[in-house]
Each structure stands twice: as structure tokens, then as C-alpha cells.
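One structure below.
Heavy-atom basis, side chains included; hydrogens, waters and symmetry copies ignored. Quick caveat: nothing in here was measured; it's all calculated off a predicted structure. Here is how names work: the chains are called A, B, and so on, in the same order as the sequence lines, proteins then strands, and each is numbered from 1.
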There are 2 protein chains.
Amino acid sequence: MKYPITLDALEVLDAIDRKGSFAAAANELFRVPSAISYTVQKLEQDLNVVLFRKEGRKAVLTQAGKVLLEQGRDILEATERLAIATKKAHGGWEPVFNIAIDSILSFDFIYPLIARFYEVMPDIEINIYEEVLGGAQEAITSNRADLVIGTGAEPMPGQAVKYQQIQRIEWIFAVAPGHELTKASLPLSRQQIEQHRFIVVRDSSRNQAPRSQRVFSKRPVLSVPSVTEKIQAQCLGLGVGFIPAHRIRDLLEQGRLIALPVENTAPVEIIGMAWKTTNNGKVLGWFIEQLSRHDFA
Amino acid sequence: MKYPITLDALEVLDAIDRKGSFAAAANELFRVPSAISYTVQKLEQDLNVVLFRKEGRKAVLTQAGKVLLEQGRDILEATERLAIATKKAHGGWEPVFNIAIDSILSFDFIYPLIARFYEVMPDIEINIYEEVLGGAQEAITSNRADLVIGTGAEPMPGQAVKYQQIQRIEWIFAVAPGHELTKASLPLSRQQIEQHRFIVVRDSSRNQAPRSQRVFSKRPVLSVPSVTEKIQAQCLGLGVGFIPAHRIRDLLEQGRLIALPVENTAPVEIIGMAWKTTNNGKVLGWFIEQLSRHDFA
DNA sequence: CAATAAGTTCAAAATATTTGAACAATAAAC
DNA sequence: GTTTATTGTTCAAATATTTTGAACTTATTG
């Protein structure tokens, strides 16, 4: 059975709507107006539906025409994405590459990599997203991200996702100068620190329950949108919490944050990257290779 | 820009996969095998991707071919649905129908109607929303709802909205057994009931101030998300308030709520439905006709 | 080893789409 | 009110795309 709708016809409808007339659409698509007229009439005939009515000398979409146009645009976009996904699967250079990076990490490490990549391949579109722990897996399996970098990226058994460790992160329990915990005897106990308000990073995407792995506090937390805000809030003495060491070396040296040892906590965590097994894209391969030997210090 | 992927090509891939060979696919599609070969080669050329490799005399999908096939099927199905939706729209049937129902009503009445509608027209998307009083008019005029059912649906003069009464609602002032108001002399006065906490339904949409008709309390109210929760809270003695009779007949019979008369209040309210005058949709027409003769008892 | 099956090549034929010119209807400019 | 411009349509001719049919190569099966 021949499909009455063609992608080309949807493209014609889209151009007519965006440009306002058959003539303008013809211009946009490098065709003559009668080619547009032919395409529309053929579609109306194949569907057995009226898509345009005359208002003076102008053609205006009917209700059916509007439905076809609006949903047809979704199909056109899906087809463009499919062409891209097919090329990714083929293993050539992907035209678009998406990276999701854990909020805990700063983004500073990725920019030099991208700069170097653009020396090799300047015409690839790269999109960077900030993800919070837990969203990484779903980001990969739903094709929203080609590569995920962060903690919690370790794949669940059975998932078609590859994983590789990149780095270890040192966590430091930090408070503002003058905070009462700086006067306590060290190391601090769990009970001692959980009497204080913790600053946590709120999940900024997809409204998921935050993974409160590091939060021990029994007091209401203060949640902020990013690690940067968290550091700021802790510098201001609004609360306490663990922060990746590489983010606050300068602040510790300047005495704007005080590092305090806490008994029975694991100060080091593993950063990894994950990607879909079926993705053979060359852009992905390049980033995986570079990140495998990148020094995060 | 010409789209490299065509729906016809996706149909060919689909047939090859389902039938197992180019030759069988050709048979299925009433073509000769070289037409299949031509279509596949053209697609590979336009995408610059290899879709099939030879295994003996058989062609087998590559990884890229599988991606194209699987996601291509989604696009084919979406296009078939689009053709159907377009024809429905042409015939006057709306592809999507939105109903907003007042929180006061239970939703039970609408489900049998929708079941019956789906016997007539199974492929229409119907969305049901719960609205609180006052939002109904705006829901219609802003096209968030095609049909609004509830109190407060009566249109303001000059608005292009049609209105029709459906039902009358009897309001009952109800308290929990053992509540101190059950010991007072009847009927109760306004002064008497406003000394107690009222349970109100919080506006679940658009954060509007609730229409506080029948709320007389001088004490802070307890707001809950739905009428169901309100009834539950009143059964537990957390507060008092007016409740539509049809929602609590069983509870009154069981003695889990006590109905008390209150002087100088209007015990009956009108339920109506409203819709935009210019809306000539067949789905709307069907629901209007059914609701006009529906018995809400 | 012969028969059968799968896919490819390629010229010819068929079909689909586009162009160019002429036309009708409508709106804008003078 | 007339002239000019714009929009969309018609239709024969030209062009592009797809399909067919015949012949071929390669691989599998009996």
C-alpha cells in the first residue's frame, strides 16, 4: 500500500505556512509555483481530504490542513533525527554530539577538550548538559546524551551501556570560618555534623528525587541549583556539607572555607563516563580516547 | 534541502526485515527485486551509510540499518496515524478533545461516557483535567479545554461561550460523629460554624485564590488537594465544611459523617457545561448530546 | 553436478515531478 | 475606474525518478 503522505509534501506544507503563500514557498524550495500546486493537489487526492480553501487570492489551511501541518512537522523532525542517528550507528562522524556532565564536576575540564576537538573537526555541533546523579542512565538510553560523565554513571547490569572510570574525587567537609564546628574537637562525628543544616544541590532536570547519598543532616536542608551556589552558600555560613576538593582549593588557601575531618566517611569517590554500546560514532570514540588519558588534576 | 530518507524507503526496509529477503519483500510490495535493490542503494547513497552487508547470498542489516529500520517503523506508524487524524479532522472529528471537570464533581460519571464514545470512535485522544471553580471560563477561552463541566460554568455576558444546565447539586454541611457541633441546638447559625476550622479544596491548577463560597471560618483553614481528601479529612474530624450530597450519601448512611442544617445558606447549586460557540467539532457535539440526557443520580 | 535462490546490472519503459507559458481571479496602486 | 501586481491554476513539454524485464554472478540445496 502506497503511503498517501510523503515527507516532501510535509515539507511543502511547512514552507507554505512559514512563508505565507504558495508562491513564497516555491521560492523557498527553489521550485515554480505550479510544482507546489501539483504537490498539494496530489496530497489532497491521495488523502481524499481538502487541505486548503481560497480566501480571495490566498490559500488558507483548513482544519484538516492544520492537523496535517502540525503533526507533520513532528514527523519531519523525527526523520531528520533518524538520519543523524543512522549515521551515528554507522560509525562515521556524527553531525551532532551531546554530552551530559554531572553537576558535581565543574565544566572547566571539558572546554579544552572541545577546543582540541574543534581543531580536528570544526563542523560538529556539540551540546553540553548539566545532569544530576541518577539521570545519567536514562539520558543515554533515551538518546538525549551520547556521553555521560560523572559519579553514578556506573551502568546497571544488563543495560547496553559501556562504562569506564576516569578519575577519583576527594570530598572535603567544609564550613565557613567562625562556624561553631571549627571549635569542636577533631575528628568530627556523624552526630555532630548532622545537628547542622546541610547545603544540597537540587536536581535541576526532570524533577527527580535527588540522590541524597551524602546528606546525613536531620535538619531541613537548604537546596540550591548548582555546586557553585552550594559553595557560595557554605562560604556565607548558611550551612555545611561535603564539596569536591578540586572545586575549593583556592578557597581553602584563602581561608574562606575551613576543611574539617569527619570520622567514618569515605573521602574519595570515582568519576566515570558511560555511553551506549551500539554507538560507534567517531566523535564519541574521540572523546572516549581523550578522556581516558585526561589528567583532571 | 531534500530529505535523504523517504517513507517509501522505510516501507521497503520494513518489508525486507519482515519477509527475510529482497525477493520476498519485492513480492510483498508488488515490485520486482531490482526495484528493491534500487531503493536500498539510493538510500545508502543519500545517507552515505551502509545499511546491508552480504552473508552468502543473503543481505543482512548492519547496525546502522537496524537503527534506521526500528526508528523508521515508529515514523511509518506516526505517518499512518497522521493520515487518519487528518481524515478525521476533515470529517469534523477533532483529533484531540480536552474536558475540564469541576473538582466538586466526582469523575465517575464521565468514564462510562468515554467508554461509550470509544465504541463509536476509538482513535480520538481525550484528556481530562480537574479544575477548581472560576477557572472554567478561562479554560475555554484560552483553548485549554473544549468542554467544561461544573458549577461556575455559567458564561459572563458577551463571552462567546455556550452554556447548558445539566444538574442540580445539593450541599450538605457535614461534621464527624462526636464533633461538638452535633450537640448544639439546630439549625446552626453562621456564628456557630465560623468558630471551627473549615476544610477547603486547594486550587490544583494555576495557583488561583480559591472561590471561598461556603467558607465562613474565622480560623485558619485546612486545604487539601481534592474533594476526596476533603471528605476524608472531615470524616477524621479535622474540620468541617459543605460537601455535595451525592458524594457522601453512603457515609451519611453509615454514620461516618453527620449532616447538620445551617440557617441562611443556599443548599442547592446548578451544575452546567460550557463550550466555545465557534467550536463545531463532532466530538464536542457527541459529548454535549450525551450529557444533555445523562442522569447524574 | 544440476537446479534453485538471492541479489545485481543495465537498457528500455513507465511514472512522477518540474518547468514555462498562458490564463483567471483578486488585491493594491494610481 | 483603470492599470498593475500578485496569487494560484491549467496544461503541454521537458526532466527526473522509479520500475520492469532480461541477463548475469554468486551461493545454497538436493
- Does a side-chain N or O from Gln41(A) land closer than 4.0 Å to OP1 or OP2 of dT10(D), or not?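 It does, given that an N or O in the side chain of Gln41(A) lies less than 4.0 Å from OP1 or OP2 of dT10(D).
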- Message: Under 4.0 Å, heavy atom to any atom of DNA chain D: which of residues 14-22 of chain A qualify?
- Response: Ser21(A), Phe22(A)
- Query: Applying salt bridge (Lys or Arg N to Asp or Glu O under 4.0 Å), which residue pairs with at least one partner in residues 63-72 of chain B are found, sequence neighbours left out?
  - Reply: none
- Task: For residues 33-47 of chain B, pull every pair meeting salt bridge (Lys or Arg N to Asp or Glu O under 4.0 Å), keeping only residues two or more places apart or in separate chains.
- Result: Lys42(B)-Asp46(B)
- Message: Listing request: all ring pair (Phe, Tyr, Trp, His ring centres under 6.0 Å) pairs with a residue in residues 33-55 of chain B, at least two apart in sequence or in separate chains.
- Response: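 Of all non-adjacent pairs touching residues 33-55 of chain B, those that pass ring pair (Phe, Tyr, Trp, His ring centres under 6.0 Å) are Phe22(B)-Phe52(B).
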Tabulate atom names and distances for all N/O pairs under 3.5 angstrom spanning the protein and nucleotides 20-27 of chain D.
residue, atom, partner, partner atom, Å
dT20(D), OP2, Val32(B), N, 2.7
dG21(D), O6, Ser34(B), OG, 2.9
dA27(D), N3, Arg57(B), NH1, 3.2

Residues which pass side-chain hydrogen bond (donor to acceptor under 3.5 Å, both in side chains) with [X], listed by chain and number, not counting sequence neighbours:
| X | value |
| --- | --- |
| Arg57(A) | none |
| Glu77(B) | none |
| Gln45(A) | none |

- Message: So, using salt bridge (Lys or Arg N to Asp or Glu O under 4.0 Å) as the criterion, who are the partners of Arg18(A) when residues are at least two apart?
- Response: Asp14(A), Glu28(A)
- Task: Would you please name every residue forming a salt bridge (Lys or Arg N to Asp or Glu O under 4.0 Å) with Asp17(A), sequence neighbours left out?
- Result: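 With sequence neighbours excluded, Asp17(A) shows a salt bridge (Lys or Arg N to Asp or Glu O under 4.0 Å) to Arg73(A), given in chain and number order.
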- Message: Need the bend value for the helix from dC1(C)-dG30(D) to dC30(C)-dG1(D): angle between end axes, 5 pairs each end, nearest 10°.
- Response: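 Result, rounded to 10 degrees: 30°.
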- Task: Taking ring-ring contact (aromatic ring centres under 6.0 Å, His included) as the test, write out the residues that go with Trp286(B), two or more places apart.
- Result: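 In terms of ring-ring contact (aromatic ring centres under 6.0 Å, His included), with neighbours along the sequence ignored, Trp286(B) is linked to Phe117(B).
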